[in-house]
Student: 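If you scroll down you'll find the structure; I have some questions about it.
Residue numbers begin at 1 in each chain, while the letters A, B, ... track the order of the sequences. Because the structure is a prediction, the values reported are computed rather than measured.
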Amino acid sequence: MTARSIRGAAAATLATVLALTAAACSQPGGPAGGSGSGAADSAVVGIAYEPDSLSPLLGYGKDGNSKIFDGLLALDAGMKLRPALATALPEVRDHGLTYTYRLRKGVKFSDGEPFGAKDVVFTYRTILDEKTNNASRTELDAVKSVEAEGDDTVVFRLKYPYAPFAQRTVLPIAPEHIAGKQDVNTGDFTTRPIGTGPYLLTQWSKGEKLSFRANPGYWGGEPKVKKFTMAIIKDDDVRATRLRAGELDGAILPPNLAKGFTDGTRTYAATTYDYRTVTLPTHNAVAGDTAVRRALDVAVDRKAMVDSILNGEGRPAYGPVPTDSEWFTKGTERTHDLAAAKKILDDAGWKPGKDGIRTRNGVRAAFPLWYLTGDKLRQDHALAYASDARKAGIDITTEAGTWEVIEPRMKQDAVLAGGGSPADPDFDQYTLLKSSLAGDGFNNMAWYDNKAVDKALEAGRRSGDGAARKAAYDTVQRELMKNPGYTFLTHIDHLYVVKDRFGPLTTQVEPHDHGLASGPWWNVEDWTPKK
Amino acid sequence: MNHRLPWGQMGRMAGRRVLLAVPVLAAVTFGVFAVAAASPFDPVKAYAGTAGLTASQENLDQLRANLGVDRPLVSRWWDWLGSALGGDLGDSTVMRQPVADVIGERLGWSVLLATAAFAVAVLLGTGLGVLAARRPGRLLDRCVSAAAYTLEAAPAFWLGLLAIWFFALELGLLPAGGLTDAASDTVTLGQVAGHLELPAAVLGISQLPWFFLYVRQGVADALGEDPVRGARARGLSERTVLLGHALRSGMLPMLTLIGSRVPELITGALLVETVFSWPGIAAATVQAATSVDFPLLAALTVLATVAVVLGNLLSDLLYALADPRVGFDG
């Protein structure tokens with residue numbers, strides 16, 4: 001044994017390891033075009049969430065703006081439906097039970113195969129198939145059957161009249177000739193999608209970024225932004241830094257970080273349906289009491305929460321519908337009035353004890369309030385709520401936990417919850433307030449039970465008439481004022497900073513769950529960047 | 001003097017180790033299934049994500065049946081073992097992809113990061129250790145030893161955040177994360193090298209104290225032993241004494257360390273990858289664990305176990321080569 005032989009062995013080992021490494025280091029995404037950082041027709045944006053899958057069959061892009069795909073319909077900047085793969089809005093017949101869509105002709109998938117009625121039927125039938133692992137299937141619960149009539153007409157038949165059904169058909173259409181030939185849950189299509197949309201996926205480096213290039217054959221005209229990249233950067237500070245360094249052209253940022261950007265950028269505040277609310281469980285002796293609910297509803301200082309927690313980027317919430325929506329019922333705003341809250345509790349027999357906490361018939365006015373561990377925004381809301389409640393003599397203990405801890409307690413304990421879906425009032429309110437959905441998964445977490453609300457919710461989803469629907473949702477909002485089973489706190493604006501050269505952009509009204517479909521880049525295919 | 005390597009003995013040792021690894025792997029995978037089954041996380045909720053918050057209970061129950069997570073532990077493990085031996089690692093539910101694809105896309109980048117970091121730790125640790133041992137108690141020794149003890153207590157992710165803050169935010173010298181610049185679609189050597197520096201340095205430096213302290217101690221001890229004094233008495237140059245005599249005998253404990261640091265390196269790599277958005281197996285591992293994704297979790301555990309077994313084998317082989325008294329009996 002000599003030093004040389006050891007060195008030889010070490011070198012051989014090292015060489016083997018390096019060779020293995022080099023062999024394993026192929027590019028994760030597959031073939032790709034050249035890099036064009038800073039080019040006029042490219043855009044790079046930073047987002048915080050990464051999709052689990054890019055297959056519409058598993059729920060990707062179900063609310064529209066999927067980039068790679070198109071739905072039968074799409075939502076415009078004003079959240080109005082417009083035709084996409086359909087040539088017009090659907091014909092509704094049989095008292096709202098039959099929806100007929102005529103399809104656009106000459107549309108091709110990006111692999112050159114023609115799009116037709118069979119693809120629409122395949123997409124909806126696959127989602128409705130119970131073997132498909134799609135967690136959003138309930139949203140299409142109303143569908144009884146979907147059938148093709150010829151090559152360019154699709155007819156949906158519903159189990160019950162469901163007025164917002166057309167809003168659901170923004171769901172992206174998958175190609176049967178590709179997705180139909182593989183395992184729907186784990187096939188190649190979930191990571192290498194083919195669609196009819198304005199962009200083609202060039203690369204998905206998981207945990208790092210999604211890269212797109214313009215679809216030259218797009219039926220709506222080839223997008224002017226030829227190269228579009230979404231970098232997945234979970235940390236807010238790192239995202240802000242990479243935007244400032246010029247690596248990104250735009251990013252979603254929290255208010256405190258967005259403030260720092262002025263020169264050469266524009267900040268867009270998207271209004272949302274994204275609410276934070278406190279569930280007041282019907283089965284809790286204190287939180288289930290109508291007087292306590294009404295007292296909390298006026299004891300809470302929503303304006304202060306917007307100013308201090310959200311830095312003014314949001315608005316007070318009085319129900320799931322934000323105050324600037326056409327569906328909002330004027331006159332259901334609640335003013336912060338501590339004296340009124342105390343009077344409600346006094347009148348109902350809740351008397352203050354020595355420590356300032358009220359009791360009635362030996363029941364102390366106290367209950368726990370859970371928030372999701374690590375969610376700073378919910379924590380801040382929970383603490384502010386508990387502090388406001390204490391001033392009225394109600395003792396709320398805030399506790400942090402994961403959903404695994406919180407879920408079994410939801411029937412008795414209050415939870416700081418979030419949600420919100422802008423497309424139709426039915427989407428939020430039915431699952432949040434319908435008494436028959438109490439305790440069904442995360443639906444109706446407070447086990448809210450109000451006959452008048454149940455009736456109005458049914459009327460709202462069944463009636464095809466706009467005025468009748470408005471009246472129904474007015475009823476819901478007024479009932480929520482009389483018996484607030486949830487204390488709605490705020491609607492939160494989402495802030496985006498984008499470089500000036502992309503010109504003035506628009507934002508849609510955004511939902512709670514804002515992945516890559518939201519932000520000023522909801523319509524990146526229509527952007528016209530300056531040189 | 002024999003210049004040839006004893007391939008036959010080395011091969012027999014490797015063979016024995018491989019045979020021993022079989023029951024270890026079986027036990028480890030069963031352990032993973034058992035721990036995952038006892039985990040408080042719900043695989044269905046993890047799969048559904050935010051959609052699960054509005055899904056109906058019926059929808060969630062159907063998902064549970066489809067994913068097969070309601071089946072008993074032992075039969076799931078047995079089925080998995082059967083198909084894994086046949087070459088089918090199964091499908092990852094949370095990634096919506098076959099497990100082989102999930103690992104194939106990511107493993108190379110993790111191996112690259114770990115190898116670079118290991119090289120940094122071994123080379124820098126050995127070099128500094130020899131220098132410190134040459135003049136124990138002097139300035140260099142005191143500084144580096146103090147730094148080593150501090151670093152040993154510092155978690156790798158904390159070092160990573162500190163490095164991002166200093167090199168990426170304050171100095172703007174190195175990229176803060178990713179494999180390439182966000183706008184670049186092609187993975188070029190230059191881009192990867194630039195983006196590799198910071199994570200590899202952080203991971204390497206977090207492992208460095210161990211190597212440094214072992215080499216420093218080993219070489220310092222060896223310098224006081226007879227062969228070294230003999231070599232000095234014969235008038236050999238200080239360089240030959242230090243590298244040829246003291247380092248060779250002082251390095252023996254470090255060779256053992258190479259094997260035993262592999263698990264630490266893997267866990268360190270997981271943390272560092274997360275901090276630097278490195279597209280390796282870390283994110284997949286964390287997601288597999290929190291979503292109780294049995295097939296992915298089992299495959300990743302097998303990989304880690306194999307890495308540890310190989311690390312130990314490598315260090316034993318090197319040890320036997322460096323010190324013939326030890327032999328290839330293990």
Student: Can you give me the closest heavy-atom contact between Arg96(B) and Thr190(A), atom names plus distance?
Tutor: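 Scanning both residues, the minimum pair turns out to be O-OG1, 2.9 Å.
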Student: Ignoring hydrogens, what is the shortest heavy-atom contact between Val99(B) and Ala299(B)? Give both atom names and the distance.
Tutor: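 Heavy-atom minimum between the residues: CG1-CB, 3.6 Å.
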Student: Between Leu113(B) and Glu273(B), is any pair of side-chain heavy atoms under 4.5 Å apart?
Tutor: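 With C-beta onward as the side chain, the pair touches.
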Student: Who among Asn133(A), Val44(A), Asp52(A) has the most heavy-atom pairs with chain B under 4.5 Å?
Tutor: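 The residue among Asn133(A), Val44(A), Asp52(A) with the greatest pair count is Asn133(A).
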Student: Is it the case that Arg168(A) places NZ or CZ above or below the six-membered ring of Phe427(A), under 6.0 angstrom from the centre and within 45 degrees of the axis?
Tutor: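 Because its charged atom sits under 6.0 Å from the ring centre and within 45° of the axis, Arg168(A) does stack over Phe427(A).
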Student: With side chains defined as the heavy atoms from C-beta onward, is the minimum distance between Tyr273(A) and Asp428(A) less than 4.5 Å?
Tutor: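 Side-chain contact under 4.5 Å: yes.
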Student: For Asp141(A), is it the side chain, the backbone, both, or neither that has a heavy atom closer than 4.5 Å to a heavy atom of chain B?
Tutor: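 Contact with chain B is absent: no heavy atom of Asp141(A) under 4.5 Å.
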Student: Where on Thr402(A) is there a heavy atom nearer than 4.5 Å to chain B: the side chain, the backbone, both, or neither?
Tutor: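 Neither the backbone nor the side chain of Thr402(A) comes within 4.5 Å of chain B.
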Student: Taking side chain as everything from C-beta outward and backbone as N, CA, C, O, which of these in Thr229(A) sits under 4.5 Å from a heavy atom of chain B? Side chain, backbone, both or neither.
Tutor: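 Looking at Thr229(A), just its side chain touches chain B.
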Student: Please state whether the side chain, the backbone, both or neither of Arg242(A) comes within less than 4.5 Å of a heavy atom of chain B.
Tutor: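 Side chain only.
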Student: Between chain A and each of Arg106(B), Gln287(B), Gln191(B), count heavy-atom pairs under 4.5 Å; write down the option with the most.
Tutor: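 Result: the option with the highest number of such pairs is Arg106(B).
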Student: Return yes if a side-chain donor-acceptor contact under 3.5 Å exists between Trp204(A) and Glu50(A), otherwise no.
Tutor: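 The answer is yes; a qualifying pair exists.
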Student: Let's test your reading of the structure: which of Ile233(A), Val405(A), Thr138(A) forms the most heavy-atom pairs below 4.5 Å with chain B?
Tutor: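 Result: the option with the highest number of such pairs is Thr138(A).
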Student: Should Arg64(B) and Asp70(B) count as an ion pair when the cut-off is N to O under 4.0 Å?
Tutor: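 Salt bridge between Arg64(B) and Asp70(B), a charged N being under 4.0 Å from a carboxylate O: no.
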Student: Does any backbone or side-chain atom of Ser136(A) lie under 4.5 Å from a heavy atom of chain B? Answer side chain, backbone, both or neither.
Tutor: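 For Ser136(A), backbone and side chain are both near chain B.
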Student: Would Arg137(A) and Glu130(A) count as a salt bridge (Lys or Arg N to Asp or Glu O under 4.0 Å) if you check the C-alpha gap in whole Å, the side-chain angles of each, and the deciding distance to 0.1 Å?
Tutor: CA-CA 9 Å; Arg137(A) 176 168 39 243; Glu130(A) 57 181 30; over 6 Å; no
Student: Chain B heavy atoms under 4.5 Å from Leu58(A): which part of the residue, side chain, backbone, both or neither?
Tutor: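 Side chain only.
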Student: Side chain from CB out, backbone as N, CA, C, O: work out which of these in Leu248(A) comes under 4.5 Å of a heavy atom of chain B, or both, or neither.
Tutor: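 Leu248(A) touches chain B through side-chain heavy atoms alone.
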Student: Who wins among Gly280(B), Ala65(B), Ala55(B) for the most heavy-atom pairs under 4.5 Å with chain A?
Tutor: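 Highest number of heavy-atom pairs under 4.5 Å: Ala55(B).
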Student: I need the residue from Leu67(B), Asp42(B), Asn59(B) with the largest number of non-hydrogen atom pairs under 4.5 Å to chain A.
Tutor: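 Going by pairs under 4.5 Å, I would pick Asn59(B).
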Student: Please classify the contact between Ser92(B) and chain A as side chain, backbone, both or neither, with a heavy-atom cut-off of under 4.5 Å.
Tutor: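 Just its backbone gets close to chain A.
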Student: Can you sort out the partners of Arg244(A) under salt bridge (charged side-chain N to carboxylate O under 4.0 Å, His left out), two or more places apart, ordered by chain and number?
Tutor: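 Result, salt bridge (charged side-chain N to carboxylate O under 4.0 Å, His left out) vs Arg244(A): none returned.
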